Amino acid sequence: QVQVVESGGGLVQAGGSLRLSCAASGSIFSINHMAWYRQAPGKQRELVASISSGGDTNYVESVKGRFTISRDNAKNTVYLQMNSLKPEETAVYYCNVHAKSSDRDRYYYGYWGQGTQVTVSS
């Protein structure tokens, strides 16, 4: 099994910054892409940013130029640096890791963390 744990959320004023971390652990054979999602109250979960095993990144249009996703493959960890935060970005931020537990796995499976709360005050 693969465990995914996020950290780094908290309360920040509008315009401030936070850095989220997400560490995958347990039975890991390999990790493909890693991503951050967020879900605000009453809204659907949305993809914020993703990063491939080769380092290719993608961002939702609203965070381009302000958020940066990165990963440390040696630590099975993905980060999300968030700058110039806005109140409307208050949400629970979730990490999703596509991993194989063994070389016998045919497909990568998406594992979710429990989420970390980010609150941006105006």
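Residues: numbered from 1 along the sequence shown. Remember, it's a predicted structure, so these values are computed and weren't measured experimentally.
Between Ser27 and Gln1 there is no side-chain heavy-atom pair separated by less than 4.5 Å. Residues Val78 and Ile69 meet the side-chain proximity criterion, which asks for heavy atoms closer than 4.5 Å. Counting only heavy atoms from C-beta outward, the side chains of Gln117 and Thr90 approach each other to under 4.5 Å.
Of all heavy-atom pairs between Leu18 and Leu85, the closest is N-CD1, 4.0 Å. The two residues Leu47 and Ala35 make their nearest non-hydrogen contact at CD1-CB, 3.8 Å. Counting all heavy atoms, side chain and backbone alike, Lys43 lies closest to Gln39 at O-NE2, 3.1 Å. Summarising the geometry of Ala14 relative to Pro87, their closest heavy-atom pair is CB-CD, 4.0 Å, with the distance given to 0.1 Å.
Aromatic pair Tyr107/Tyr109: centroids not less than 6.0 angstrom apart.
Under 3.5 Å, the side chains of Tyr79 and Thr68 contain no donor-acceptor pair of N or O atoms.
Taking OH from Tyr59 and CG from Leu80, the interatomic distance works out to 7.5 Å, rounded to the nearest 0.5 Å. Annotation: the span from Trp112 atom CH2 to Cys22 atom SG amounts to 10.5 Å, rounded to 0.5 Å.
The aromatic rings of His98 and His33 sit tilted relative to each other, their planes meeting at an angle between 30° and 60°.
Without hydrogens or angle criteria, Glu46 side chain to Arg38 main chain gives no donor-acceptor distance under 3.5 Å.
The only option from Thr77, Asn96, Val97 that meets the side chain to side chain contact (heavy atoms under 4.5 Å, CB included) definition with Met34 turns out to be Val97.
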